[in-house]
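Okay, so here's the structure we're looking at.
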Amino acid sequence: MSSERYNAPARERHWQEAWTTAGIDKAGTDTSKPKCYVLEMFPYPSGRIHMGHVRNYTMGDVFARYKRARGFNVLHPMGWDAFGMPAENAALERKTHPAKWTYANIDAMRAQLKSMGLAIDWSREIATCHVDYYRHQQEIFLDLLAKGLAYRGPGKVNWDPVDQTVLANEQVIDGRGWRSGALVETREMQVWYFRITAFADDLLKSLETLDKWPEKVRLMQANWIGRSEGMSVRWALDPENAPEGETEIEVFTTRPDTLFGASFVAIAADHPLAKKLAETNADLKEFADECRRRGTSIIEIEKGEKLGFDTGLFVRHPLDPEWKVPVWVANFVLMDYGTGAIFACPSGDQRDLDFARKYGLPVVPVVLPPGADAATFEIGGDAIESDGTMINSRFLDGLSTKGAFEEVAKHLEAATLGNRPVGVRQVKYRLKDWGISRQRYWGCPIPVIHCETCGAVPVPKKDLPVELPEDATFDKPGNPLERHPTWKSVTCPKCKKPARRETDTMDTFVDSSWYYGRFTDPASKKKPIDAKAADYWLPVDQYIGGIEHAILHLLYSRFFWRAMGAAGAAPAKVSEPFAALFTQGMVTHETYKSDDGRWLLPTEVAFEGDGDTRRATEVATGKPCAIGSIEKMSKSKKNLVDPDDIIAHWGADCARWFMLSDSPPERDVIWTEAGVQGAGRFIQRVWRLVNEIADRAPNSLAISPSGLGDAAMELRRATHKSIDAVGRNIESLRFNVAVAQMYEYSNAISAALPKSGEDIDFALREAGEMLTRSLAPMMPHLAEECWARLGYNTLVAIEPWPEADPALLVDDRVTLAVQVNGKRRGELTVARSATSSEVEAAALALDPVLRALEGRPAKKVIVVPQRIVNIVA
RNA sequence: GCGGACGUGGUGGAAUUGGUAGACACACAGGACUUAAAAUCCUGAGACGGCAACGUCGUGUGGGUUCGAGUCCCACCGUCCGCACCA
């Protein structure tokens, strides 16, 4: 009986309904079973899903379905990272409301995701813009505030003049706003912070425990946190010309060992002392302004030009009061790192050396590199930043740099200046507190009331939520909450006098810092996170998302979960929310440009020829167009493929299969029409194979597997090896290898089909069922169709993963390569149980081996059982 | 500048972690079926030499360790990513 082609688009909806009706995607409630929490980074509801989503959610879905088949209670939820500026921009442009726009987008994207056939527990869906979500976030904020983990303070903030908002440091890329691309300005204002620096050390140390995270991400986070060990050293100002009230300069250094190479002390242009001096020194003021102007420019930083201004002040060396050291203002000293002041040892630091050479300041070598001659050694254009032996350093001479560090530290700790030690050991971090204030409407309101008498007063928990007013206006830039006529007018919770509501909302990264916890019990009314549910489900067992979140979202989440634990807002059983992380690559595509330089969609282009003769023409004009480089799919370059089109034409399984097949999941994948066709061909091929098998062996055959012939045994071995390999590859997220294994296996089934015999039918029947079951996580709809065709009226989606028979994973005969002097000369097939001496004898008797030996005796024979024989002649 | 990753046929990539390099797929070529096309099936293919058996070379380049190296070590070249005047 010949079969119809499998009509994927028509059948997929059927099976999706069947899964929903059976409720199989709901997370299990039996907490005695082992759990597996699979999560993909939730999407921003931009309006439509893109191929990046398809790739991300397919990977998570395969893993979730596989784990379910393995007997785990699987939690695989989905939600919406729904606050953010695009909604407000849309409101401004399209005269709609951010909420309306957002919820419409969510509805559209939910339908798209459902058409992918994802095994998601939709009963747990959350949207961060919903008051049921953000009311809890306000509660968490209040808990953090009470613990001092949230605070309001002055900030030099990054102000984005286009989006009219403050940006976090992480959102400033090369001096520009991450979203608007506008040059960021610096402004002083009162803003809200989360005290992420309180956890700097733990966040760094605990990276070591994240052994299922990519090394790359851990390194990026470690660099971002940027721990350095050093000393804070105070230098007494020479009172002769020091300004009123200024007595010392505190510097931070990681190299106190080079203290005797000190040439000058440099302070930042924004250092309080520099500011004070600038009040009476117009030249210095102008210099400082110049530094500020240049400071933000990347070009200036790349040029690295060192600029300085001699203040005329002096400080006394901390270990020699007789030693006067000049104080400079320098553009390369940053106010927001350390103390905003350094001591410079030009022989040991390249920047200091450049500066010293430019302004004619002393350069005293203090570290002799290994192998250098002390008598002739001098500093040329390069500073000695490596370790060595101390010279010209008084009591440190002869010590190693490390030894000198310890020795000088003791002296600095013992010496005093104004009753306190001159130097103390200190650890500094590059990481800064997280500024969360955003002057926008579409975000979670910060639950605080400003009162003239009481100051910033937290909104009492009983008054939560602080809801966004629906009747805000979006017709001009700036903060709609700020200009709302009534919303901010409230009474002070403490003194009941008229007060002003905080109009800042929270950075949307706050929303995504705890959503994984909310999923464990999204309906919980009392607490943001239900302790019992969280204890069972967390941590996330497999988190999947883009590398672009390596620092921002992933570091914030790690911090936030700790902060919540410390503030009692979340159960503190696990400190790391994501036990395993996988960062998937991007989806890329060729780009096309018309002859007059417009970008063209792939659907606007027709092709002819192939290889070097491949030509593209623009369909609308018939003119030739240029085939450009392969780049990440983006609206700007129009190299987009719409998932809807693919699913409607080829089916979800086809899109899923192609996404899994072509590239290792952590690398970029190139979307090609040919690749999709290949995936579509494979779907039809599986369908034909299963049909043929179902016709030949309509039921499981009750014959004994013991009496099978060679061909049947061969197929059975292929079956069980495939089950084993596919399972292991899915487990380790090596989907492309799992796919290749399935191709290889279906080739093996095809090869067995022409053979006949009851034992072949038996092996084929088994093959058909196993093929279907091991395909189910990857192409779930096709698998259901095949399962039904094989005569079952159950859902294959809830069938357990098949167990491979260990006895069938090994062959009784093995083929091993035979080498002479490391060169392959032949191969040998022997019984698996053959002894080394038997193998050696057989290898030495091989014709090609005899030829290669040319009569020479074998000096040595190495036999690696079941692998290889190497004969050394 | 600092830190990291990667480099395998025409293409995407595999290689049991030191043991037959190029699985599997895409593209290609030839053939079968067909009035024809589509679909499907079969065959071929790393490069060079040879009718062939076969031989030589071959995982960015150059060295090294080893019976044996795509895999380990050293140096270099190239590509990509992150951070960037961090004291």
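Residue numbers start from 1 in every chain, and the chains themselves are labelled A, B, ... in the order their sequence lines are given, proteins ahead of strands.
A distance of 7.0 Å separates CE in A/Met59 from CG in A/Leu660, rounded to the nearest 0.5 Å. In this structure, A/Arg218 CZ and A/Leu554 CG are separated by 13.0 Å, a value rounded to the nearest 0.5 Å.
Residue A/Thr253 is in sugar-phosphate contact alone, with no base atom involved, counting any heavy-atom pair closer than 4.0 Å across all strands shown. No contact: A/Asp349 has no heavy atom under 4.0 Å from any strand. Residue A/Glu744 is classed as a sugar-phosphate contact, given heavy-atom separations below 4.0 Å to backbone atoms only. Among the atoms of the strands shown, only primed sugar atoms or phosphate atoms (P, OP1, OP2) are found under 4.0 Å from some heavy atom of A/Pro664.
Comparing B/C83, B/G13, B/A25 by their closest approach to the side chain of A/Arg667 singles out B/G13. The side chain of A/Arg867 approaches B/U16 more closely than any other nucleotide in the set B/A25, B/U16, B/G13. Of the candidates B/A87, B/U20, B/C24, B/C24 carries the atom nearest the A/Tyr743 side chain, counting heavy atoms from C-beta on. The A/Arg351 side chain lies nearest to B/A87 when the options are B/A87, B/C67, B/A23. Closest to the side chain of A/Arg688, from the set B/A21, B/C86, B/U40, is B/U40. Of the candidate nucleotides B/G19, B/G3, B/U20, B/U20 has the atom nearest to the side chain of A/Ala817. Nearest to the side chain of A/Gln677, among B/U20, B/A27, B/C85, sits B/A27. Which of B/G82, B/A27, B/C67 sits closest to the side chain of A/Ala674 comes down to B/A27. Checking B/C67, B/U40, B/A87 against every side-chain atom of A/Arg681, the shortest atom distance belongs to B/U40. The side chain of A/Lys306 lies closest to B/C85, out of B/G3, B/A15, B/C85.
Spacing of P atoms, B/A15 relative to B/C6, comes out at 14 Å, to the nearest Å. Using atom P as the reference point in both B/C74 and B/A21, the two lie 26 Å apart (nearest Å). Using atom P as the reference point in both B/C73 and B/G13, the two lie 23 Å apart (nearest Å). Comparing the same atom, P, in B/U35 and in B/A53 gives a spacing of 38 Å after rounding to whole Å. Nucleotides B/U71 and B/G64 place their P atoms 14 Å apart, quoted to the nearest Å. Taking atom C1' in both B/U34 and B/C26, one finds a spacing of 26 Å when rounded to whole Å.
Here the C1' atom of nucleotide B/C83 and the NZ atom of A/Lys216 are 11 Å apart, to the nearest Å. Remark: C1' of B/G12 and NE2 of A/His589 are 15 Å apart, rounded to the nearest angstrom. Whole-Å rounding puts the A/Arg824 CZ to B/G22 P distance at 8 Å. In this structure, CD of A/Glu631 is placed 11 Å from P of B/C81, rounded to the nearest angstrom. Here B/G10 presents its P atom at 17 Å from CD1 of A/Ile630, a figure rounded to the nearest Å.
Base-pair partner of B/G55: B/C48 (Watson-Crick or G-U wobble, both distances under 3.5 Å).
Against the 90° criterion about 0, the sugar-base torsion of B/U20 places it in the anti range. In B/G9 the base sits syn relative to the sugar, since the glycosidic angle is no further than 90° from 0.
Considering only side-chain N and O atoms, A/Arg227 lies nowhere under 4.0 angstrom from the phosphate OP1 or OP2 of B/C86. Note on A/Asn736: every side-chain N or O is 4.0 Å or more away from OP1 and OP2 of B/C24. Contact annotation: A/Lys823 side-chain N/O to B/G55 OP1/OP2 distance is not under 4.0 Å. Look at A/Asn747 and you'll find a side-chain N or O under 4.0 angstrom from OP1 or OP2 of B/A25. Proximity of A/Arg218 to the phosphate of B/G4: no side-chain N or O atom is located under 4.0 Å from OP1 or OP2. Between A/Ser228 and B/A87 there is a side-chain polar atom (N or O) within less than 4.0 angstrom of OP1 or OP2. Checking the phosphate oxygens (OP1, OP2) of B/U40, no side-chain nitrogen or oxygen of A/Arg5 falls inside 4.0 Å.
Evaluated for a side chain to side chain contact (heavy atoms under 4.5 Å, CB included) with A/Cys345, the options A/Val367, A/Val366, A/Ile384 yield exactly one hit, A/Val366.
Mapped onto RNA chain B by nearest heavy atom, A/Met220 and A/Val669 fall at different nucleotides, with A/Val669 at the one closer to the 5' end. In terms of position on RNA chain B, the residue among A/Arg825 and A/Ile868 whose nearest nucleotide sits closer to the 5' end is A/Ile868.
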Worksheet entry | Verdict with supporting geometry, A/Phe658 and A/Trp650, ring pair (Phe, Tyr, Trp, His ring centres under 6.0 Å) | CA-CA 11 Å; A/Phe658 178 61; A/Trp650 294 96; over 10 Å; no

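At a cut-off of 3.5 Å, with distance as the only test, no side-chain donor of A/Arg255 or A/Thr401 sits close to an acceptor on the other residue. A/Tyr745 and A/Thr719 share a side-chain donor-acceptor pair at under 3.5 Å.
Looking only at side-chain heavy atoms (C-beta outward), A/Glu631 and A/Asn639 come within less than 4.5 Å of each other.
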